[in-house]
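Quick notes on the structure that follows.
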Protein chains: 2
Amino acid sequence: MKIGELSKRTGVSIRMLRYYEAEGLLKPERTRNGYRDYDLAEVRTVERIKLLGAGGMTLATILQFLPCVRGEGPIFEPCDELRLTLRQQIRLVEEKTQKLAQSRSVLETFLQEIGER
Amino acid sequence: MKIGELSKRTGVSIRMLRYYEAEGLLKPERTRNGYRDYDLAEVRTVERIKLLGAGGMTLATILQFLPCVRGEGPIFEPCDELRLTLRQQIRLVEEKTQKLAQSRSVLETFLQEIGER
DNA sequence: TTAAGGTCTGACAGCGCTGTCAGGGTCAAG
DNA sequence: CTTGACCCTGACAGCGCTGTCAGACCTTAA
């Protein structure tokens, strides 16, 4: 699958797909003519990257547990660090969620004070 | 209150307080010598700005409903647009919250797959 | 052959923050 | 008067993305 198709399937811009690669998150084959050639499975990978990114995670961070993101079976090596990062990240996400909730309530308070309408 | 104190009270760096001002969010008096002189009430304002910002809201957006942020009683003029922005913003926050939740679950799935330990 | 559409690389620029540094005042205590 | 703690302005730089543009090649269909 060429980059344009992957882009369409995932909703991630071509620019960003190349960026993912530059950051080491994707390593597509190359056809004879130099075109990137993605495995179909990468659709899932990209979607997960998207998700994690939406959670405020940095590509560099995502890179750390890329094997997991790619769903490459049980992992042995980097697991301990991985677990740590994962837990930290979850903490982080929880904090963000809380702040979001606070923001939301501030927003709603404003709405009321203004006169809900 | 001078900028250093406001900074300490709010946990917002001096740099950022000045930035808030540059963006029109704060308009402190100036003492004879040119020092910024903040009203005590601004502590609350700054805290709200912080909160809204943490929710992913841009300073420019916050500026739009600054009167509300400052809690300046009932507002007349910009209310309709305000309500709209507010609602949009709440939608946005909700979406972010959802994504965060998804990220979280992805994270936790990873944790499990790795072998919860 | 030509034109259109997809791809390649590399580079520049912008977003909204945020830190830091330089060069220079102010003020109170010693 | 000097020192140290604050304050001022302005500018540069970096973060992590993200778009866009330029210049060039490949491929397919008319």
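The chains referred to below are lettered A, B, ... by the order of the sequence lines, with proteins before strands, and numbering in each begins at 1. Quick caveat: nothing in here was measured; it's all calculated off a predicted structure.
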If a protein heavy atom is under 4.0 Å from the base, mark B; if only from the sugar-phosphate, S; if neither, -; do that for nucleotides 13-20 of chain C going 5' to 3'. ---SSBBB

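Within 4.0 Å of Arg30(B), counting heavy atoms only, lie sugar-phosphate atoms of the nucleic acid but no base atom.
Not counting sequence neighbours, the partners of Asn33(A) by the side-chain hydrogen bond (donor to acceptor under 3.5 Å, both in side chains) test are Thr31(A). By the side-chain contact (heavy atoms from CB on, under 4.5 Å) test, Thr10(A) pairs with Leu6(A), Val12(A), Val43(A), Val46(A), sequence neighbours left out. Among residues two or more places apart in sequence or in another chain, the side-chain hydrogen bond (donor to acceptor under 3.5 Å, both in side chains) test is passed with Arg104(A) by Glu108(A), Glu94(B). For Glu95(A), the side-chain contact (heavy atoms from CB on, under 4.5 Å) partners are Arg91(A), not counting sequence neighbours. With sequence neighbours excluded, the residues that form a side-chain contact (heavy atoms from CB on, under 4.5 Å) with Thr61(A) are Met57(A), Thr58(A), Gln64(A), Phe65(A), Thr85(A), Gln89(A). With sequence neighbours excluded, no residue forms a side-chain contact (heavy atoms from CB on, under 4.5 Å) with Arg32(A).
In terms of phosphate contacts, Asn33(B) brings a side-chain nitrogen or oxygen within less than 4.0 Å of OP1 or OP2 of dC27(C).
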With 3.5 Å as the limit, what N/O pairs link the protein to nucleotides 21-25 of chain D?
none

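Counting to the nearest Å, the P atom of dT7(C) and the NZ atom of Lys2(A) are 6 Å from each other. Distance Ile14(A) CD1 to dG5(C) P: 14 Å, rounded to the nearest Å. Spacing between atom CD of Glu5(A) and atom C1' of dG6(C) amounts to 12 Å, rounded to whole angstrom units. For the pair Arg32(B) CZ and dC27(C) P, the computed distance is 11 Å after rounding to whole Å.
Residue pairs that meet the salt bridge (charged side-chain N to carboxylate O under 4.0 Å, His left out) test with at least one member in residues 5-16 of chain A, sequence neighbours left out, are Glu5(A)-Arg9(A).
With hydrogens and angles left out, the side-chain atoms of Ser105(A) and Gln102(A) include no donor and acceptor closer than 3.5 Å.
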